[in-house]
Amino acid sequence: MNHAAVPELERVLFSEEQIESRIRELAAEIDRDYQGRPLKLIGVLKGSVFFLTALARHIETPLKIDFLGISSFSDKSGSPGVVRIAKDLDESIEGEDVLLVEDIVDTGFTLRYLLQNLAGRAPNSLSVCTFLDRRSRRIVQTPIKYRCFEIPDRFVVGFGLDYQQLYRNLGYVAVLKPERS
Ligand code: IMP
Ligand code: MG
């Protein structure tokens, strides 16, 4: 979809071509690091699905894929970071080399929760690969091994990222007009 056809968008941050070429680089880096050791990619529903499938198609290391779904909400004081698993993995990750694939890491609360939870299941290794990193808003420091792009402090949509469940199917990443977010 052409972004000029979506009036709620302010500008494109990363084009389809930029995303594709960066994902190829990342896949090559992952192949170098794992040296043929089978990988388990774990995607966090729903935002990471587009990134995970694009990445997986360029990784040559043998891999399996699983997903988990989370719901996050603010507590009564309005502080973020209350996360719960709404759909668990289908299979055990014990002894496996796990790469957790996220759409975006913002404050880091979601990622911290997921890492603590997955680490408790005794994987052989556990690393993080995120499509977007908004480092300027980080509250909880979390280890990110692979990132596609760092982004400014603006709300973005596309390539899996949503605003009220819309725009996930855009092939590019765009900044939403401020009055929308
Ligand atoms: P964190 O716990 O603050 O790191 O939350 C990250 C989660 O917030 C992501 O997994 C997204 O679901 C959501 N999120 C944060 N920023 C954006 C954005 O710019 N667009 C769409 N979703 C976002
Ligand atoms: Mg998410």
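All ligand and atom numbering here is 1-based and tracks the order in the structure. No experiment lies behind these values; they were computed from the predicted model shown.
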*Mind telling me whether Tyr34 and Tyr146 have parallel, tilted or perpendicular rings, with 30° and 60° as the class edges?*
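Judged by the thresholds at 30° and 60°, the geometry between Tyr146 and Tyr34 is tilted.
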Show which side-chain atoms of residues 124-131 pair as donor or acceptor with protein atoms under 3.5 Å away, not counting sequence neighbours.
{"from": "Asn124", "atom 1": "ND2", "to": "Asp97", "atom 2": "OD1", "distance (Å)": "2.9"}
{"from": "Ser125", "atom 1": "OG", "to": "Asp97", "atom 2": "OD1", "distance (Å)": "2.5"}
{"from": "Thr130", "atom 1": "OG1", "to": "Leu132", "atom 2": "O", "distance (Å)": "2.9"}

*Do the side chains of Asp103 and Lys46 get nearer than 4.5 Å, heavy atoms only?*
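No - every pair of side-chain heavy atoms lies 4.5 Å or more apart.
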*Check the pair Lys40 / Glu96 against salt bridge (Lys or Arg N to Asp or Glu O under 4.0 Å), numbers first and verdict last.*
CA-CA 7 Å; Lys40 170 75 64 81; Glu96 296 192 302; 2.9 Å; yes
*Out of Leu111, Leu132, Val175, Thr110, indicate the one that has the non-hydrogen atom closest to atom 7 (C) of ligand 1.*
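The residue whose heavy atom sits nearest atom 7 (C) of ligand 1 is Thr110.
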*asked:* Counting only heavy atoms, tell me which of Arg134, Arg154, Arg112 gets closest to atom 16 (N) of ligand 1.
replied: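 Checking each option, the heavy atom nearest atom 16 (N) of ligand 1 is found in Arg134.
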*Looking only at distance, does Val156 have an N or O less than 3.5 Å from an N or O of ligand 1?*
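Among all N and O atoms of Val156, at least one is under 3.5 Å from an N or O of ligand 1.
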*asked:* Does any N or O of ligand 1 fall below 3.5 Å from an N or O anywhere on Phe155, backbone included?
replied: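 No, no N or O pair falls under 3.5 Å.
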_Closest approach of Val83 to Thr110 (non-hydrogen atoms, all atoms of both residues)_ =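 Reported closest heavy-atom pair: CG2-CA, 4.0 Å.
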*Looking at Arg134 and Arg154, what are the two nearest heavy atoms and their distance?*
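Looks like NH2-O, 2.8 Å.
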_At less than 4.0 angstrom from any non-hydrogen atom of Asp162, what atoms of ligand 1 do you find?_
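Those of ligand 1 that fall under 4.0 Å from Asp162 are 21 (C).
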*What are the atoms of ligand 1, with element, lying closer than 4.0 Å to any heavy atom of Ile104?*
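So the answer, numbered in order with elements, is 6 (C), 9 (C), 10 (O), 11 (C), 14 (N), 15 (C), 16 (N), 17 (C), 23 (C).
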_Taking a cutoff of less than 4.0 Å between a non-hydrogen atom of the residue and any ligand atom, is Val157 in contact with ligand 1?_
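Under 4.0 Å: no for Val157.
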*Could you tell me whether ligand 1 has any atom less than 4.0 Å away from a heavy atom of Gly47?*
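False for this residue.
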